[in-house]
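Below is one structure; the comments refer to it alone.
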Amino acid sequence: MAERYDPGAVESKWQKHWEDTGLNRVDIDGAENPFYNLMMYPYPSAEGLHVGNVYAFTGADIHGRYKRLQGLDVFEPIGFDAFGIHSENFALERGTHPMELIPSNIKNFTRQLKRMGFMYDWDRVVDVTRPEYYKWTQWIFLTLYKAGMAERRKAPVNWCPSCKTVLANEQVIDGRCERCSTEVTQRYLDQWFFKITDYAQRLLDNLEWIDWSDSTKRLQRNWIGRSEGADIDFQIAGHPDKKLRVFTTRPDTLFGATFMVLAPEHPYIAEITGAKQRKQVDEYVRNALAMDLVERKKAGEEGRKSGVDTGAKAINPATNQEISIWVADYVLMEYGHGAIMAVPAHDERDFEFAREYDLPIRVVVIPADQYDAFDPQAELQAAFTEHTEDEVLVNSEKFDGVPAAQAIKQITAWLEQEGRGQGAVNYRIHDWCISRQRYWGPPIPVIHCEQCGIVPVPEEDLPVVLPYVEQFRPDESGVGPLARAKEFYEVDCPQCAGPAKRETDVSDTFLDSAWYFMRYPSTDVHDKPFHPARTKKWLPVDMYIGGEEHAVLHLMYSRYISMALHDLGHLPFEEPYEKFRKHGLIVREGAKMSKSRGNVVIPDEFVEQYGADTFRTYLMFLGPYEEGGDFREQGIAGISRFFDRVWDAVANGALEAGPPETNELTQKLHATIKKVTEDLAGLQYNTAIAAMMEYLNQVRAGGRAARRSEVEPLVVLLAPFAPHMAEELWQHLGHEGSIFSGANWPRYDAQLAVADEVDIAVQVNGRFRATIRAPRGASEDEVKQKALAEEAVQRHMNGKKIKKTIFVPDRLINLLVA
RNA sequence: GCCCGGGUGGCGGAAUCGGCAGACGCGUCGGACUCAAAAUCCGAUGGGCUUCGGCCCUUGAGGGUUCGAGUCCCUCCCCGGGCACCA
């Protein structure tokens, strides 16, 4: 065995060994203690593995190896998220066809991932672009479609003029495309939707019990955006058959509703607009519809509210007064009913609008302590009540004086009684638009027949194979590149055999990733998407680790797909990930890494120079895993030196038998095992590494040679971080085979993990004056006697009497004197 | 605007059931080894004052609770993230 640690030699030796012996393959059918350790699979870019990938995977791999050393049968698979706009755009840029580009990217990724020493089961790789995979993606679409969970409808959609495709709401960031940052515009197109809104409440409720990072749950809650309130029907004057329905979170302010506003898309506009106003209203609506979402938003941000009076009147059901109905673009058709009751006294937007058009304002909620002094004749001003705790109603007839929180309930009940409304809940989340007018995705498996309408492709005809199309560049037409491939879309109707046209949209790549983890245990099964017994054994996922940028996209969609498939009897669970932990982001020298800054860390370079183990461990040492860290090249030397010392202690040590040489060392060993065990369970890798360094420093203090009992447990503790080196040292210690099958995670004795003697801080009047050493568990008297014997303590007591003593066992004594 | 997370030495970061702030590492300085350098090893390393015994200050700012506050409460500032005309 080499005197000095040579990572290159050690790592290639063990990587070959793992591959030859199939060490990382799990017994998928026979495993007795299954643990499914999942990480978010990467998009295989042409640039190769990003250091962010390595960071994410390393943290997850450490968790998997730790679980394995604890005796679990760990399944740790990997795959490639290779469909989608990202890949397609890159292919366009390069002028390479994605069908050529992607396989070579995957090959390169595979090489890099293997070089990092991750514990992947390479026999169960998922590549979503393979027909044997997307056959089942299409099957999921059909399954949901047949269950009425998918539908095609014309809808205003976010359109990226640069990517020339529809984007889901989740893919629009600040009004821009998340991929290319082009401003998103609005289009009306026929689109396929999954009705995720039907699951909004369940997606919200289950967050109560799944074990996820709190911040991720919060993001999902905000995205689902539940609002409680009431639907209220307003009669329209002159249209006894028509009711205008609105949603409000503040039914208690009903008496303050002094006008109504419809979204420009609202279906009633044409009907109710008065003859005099028609021309103006038409023009306003036309302009509003022509403006895209971004322009509308901008106008709103600048505080300009525009609108137009329809001339029609509605009846406020509470006051029975006629109020005018307006059209304005600050009301959104997608939310609620596309119409609002405007309460300008208590809503900032309505207030702005009322001021702009000189509409009446009526205060109906005021702070409780001003109730007695309230003067209904006084000039009405906006009150903008936010919370309903200490506020009461005024100007509201029989509800005057009622606290707002109660009034919400009372007025809702009154509306229900009168048949004019009822309690209602609204969600901000929209249905999931899965259509993409692009090339690089799984074709949506339906056929449009003039006779039969929409006909699902029969299951036995799956997969609908994505054809090789030379010209895969999208255009302005609003239909995908497949719409130019006659041989693809010209088909016979499966029902009537008449001429029909295949759907030419492909599905969103988030549908691929919504279920990839269900496929891993069943990659060798071809007659089902997922093998029932294996699915039962391995799923739901025991631990999922990934980036929080996917909190509202991938993580929401995959929860939805699991629930839907569960409800349709295909899955025995409804939540796919029992435990999810986000990892942090890594920056370099305090700055975000980006190609344009030219500060991207290229893993290959560091791995070559320092070895995978050192690189892995350094990444984990940068900071708390769940928060990320700052990559500074200089710091890697610290880990490198640490590993050299570990190597030296084991490879060049005398390694005598017997217990640790001193009680202090025994204590430190047990304390270290305890600390590392607990830190690994909580993904606190940075402090686990620090603890191991501290321990090794103590083992080697004064240049002494280590005993076997001192270093063997350390080698096992290090194995999740530095698997190659651990293997080599394990072998050197005389063991046969792999440390990951031969070793047990070290156990600690809680009694031994604490010292017999402790340092106790001594305070006089709350200021630290001395430290004394005392046996663990020493009594207050004992400690006080020792403390009083200290010269520094006596000096600061200055001959005064002790009035009070505060004693914290084993930590501190505080003598209060006067 | 709303909802989160954060602000600690030259740097990355430790320490929050309130109990000796700065673990571990980087860097820097000094020493050993060397002809020399690298590597390695040993020591020092928050700031100020010092009669060399110590003393005082210090966790974004200010206030409060407490014997005791990085940690709890209030007000504010700054940085990062999410949502945003959602009724």
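Just so we're on the same page: letters track the sequence lines, and every chain starts at 1. Not measured: the values here are computed from a predicted model.
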Phosphate-side-chain proximity, A:Asn697 and B:rG25, N/O vs OP1/OP2 below 4.0 Å: yes

Integer angstrom distance from the C1' of B:rC72 to that of B:rC78: 23 Å

Under 3.5 Å on both distances, the Watson-Crick or G-U partner of B:rU51: none

Chi-angle category of B:rG9 [syn within 90° of 0, anti beyond]: syn

Side chain A:Thr771 and base B:rC20 donor-acceptor under 3.5 Å: yes

Whole-Å C1' distance, B:rC76 and B:rG7: 14 Å

Sugar-phosphate, base or nothing in reach of A:Arg641, heavy atoms under 4.0 Å: sugar-phosphate

side-chain N/O A:Arg769 vs B:rC55 OP1/OP2, d < 4.0 Å: yes

For B:rC35, the Watson-Crick or wobble counterpart (both distances under 3.5 Å): none

Position toward the 5' end of RNA chain B (nearest nucleotide), A:Ala701 or A:Leu812: A:Leu812

Touch class at under 4.0 angstrom, heavy-atom based, for A:Asn426 against every strand present: nothing

Sugar-phosphate only, base, or nothing, as touched by A:Lys592 at under 4.0 Å among non-hydrogen atoms: sugar-phosphate

Nucleotide nearest A:Phe621 (side chain, heavy atoms from C-beta), chosen from B:rG12, B:rA15, B:rC55: B:rG12

Same-atom distance (C1') from B:rA61 to B:rG10, integer angstrom: 23 Å

Most 5' of A:Gly635 and A:Thr249 on RNA chain B, judged by nearest nucleotide: A:Gly635

Inter-nucleotide P distance (B:rG47, B:rG22), Å rounded: 14 Å

Under 3.5 Å on both distances, the Watson-Crick or G-U partner of B:rG9: none

P gap between B:rG12 and B:rG19, integer Å: 24 Å

Spacing of the C1' atoms in B:rG46 and B:rC20 (rounded, Å): 16 Å

Presence of salt bridge, A:Asp347 and A:Arg250, under 4.0 angstrom: no

Partner nucleotide, any strand, of B:rC76 [Watson-Crick/G-U, under 3.5 Å]: B:rG60

Sugar-phosphate only, base, or nothing, as touched by A:Gln763 at under 4.0 Å among non-hydrogen atoms: base

P atoms of B:rG9 and B:rA23, separation to the nearest Å: 13 Å

Pair A:Glu589 + A:Arg632: basic N to acidic O under 4.0 Å: yes

A:Arg767 side-chain N/O to B:rC57 phosphate OP1/OP2 under 4.0 Å: yes

A:Ser227 side-chain N/O to B:rA87 phosphate OP1/OP2 under 4.0 Å: yes

Pair A:Phe631 + A:Phe606: ring centers closer than 6.0 Å: yes

Sugar-phosphate, base or nothing in reach of A:Phe247, heavy atoms under 4.0 Å: base

Mate of B:rG68 where both pairing distances stay under 3.5 Å, Watson-Crick or G-U: none

Sugar-phosphate, base or nothing in reach of A:Leu816, heavy atoms under 4.0 Å: sugar-phosphate

Assigned glycosidic conformation for B:rG53 [threshold 90° from 0]: syn

Sugar-phosphate, base or nothing in reach of A:Arg428, heavy atoms under 4.0 Å: base

Check: A:Tyr357 ring centre within less than 6.0 Å of A:Phe259 ring centre: no

Rounded distance [0.5 Å steps], CD1 in A:Ile689 versus CZ in A:Phe721: 4.5 Å

Residue matched to B:rG30 through Watson-Crick or wobble contacts both under 3.5 angstrom: B:rC42

Whole-angstrom distance between B:rG62 and B:rU8, as gauged at atom P: 16 Å

Watson-Crick/G-U partner (both atom distances under 3.5 Å) of B:rC20: none

Assigned partner base of B:rA87, Watson-Crick or wobble definition, under 3.5 Å: none

A:Lys674 with A:Glu678: basic N within carboxylate O range, under 4.0 Å: yes

Touch class at under 4.0 angstrom, heavy-atom based, for A:His796 against every strand present: sugar-phosphate

A:Asn686 side chain, from C-beta outward: closest of B:rG54, B:rA14, B:rC24: B:rA14

Sugar-phosphate, base or nothing in reach of A:Asp630, heavy atoms under 4.0 Å: sugar-phosphate

A:Trp432 ring center within less than 6.0 Å of A:Phe510 ring center: no

Proximity to the side chain of A:Met693 - top-ranked nucleotide from B:rC24, B:rG13, B:rG19: B:rC24

Sugar-phosphate only, base, or nothing, as touched by A:Arg226 at under 4.0 Å among non-hydrogen atoms: nothing

Side-chain N or O of A:Arg645 closer than 4.0 Å to phosphate OP1/OP2 of B:rC41: yes

Base B:rC83 to side chain A:Asn222, donor-acceptor N/O within 3.5 Å cut-off: no

Side chains of A:Asp679 and A:Thr687, donor plus acceptor under 3.5 Å: yes

Distance, rounded to the nearest Å, where A:Glu790 contributes CD and B:rG54 contributes P: 11 Å

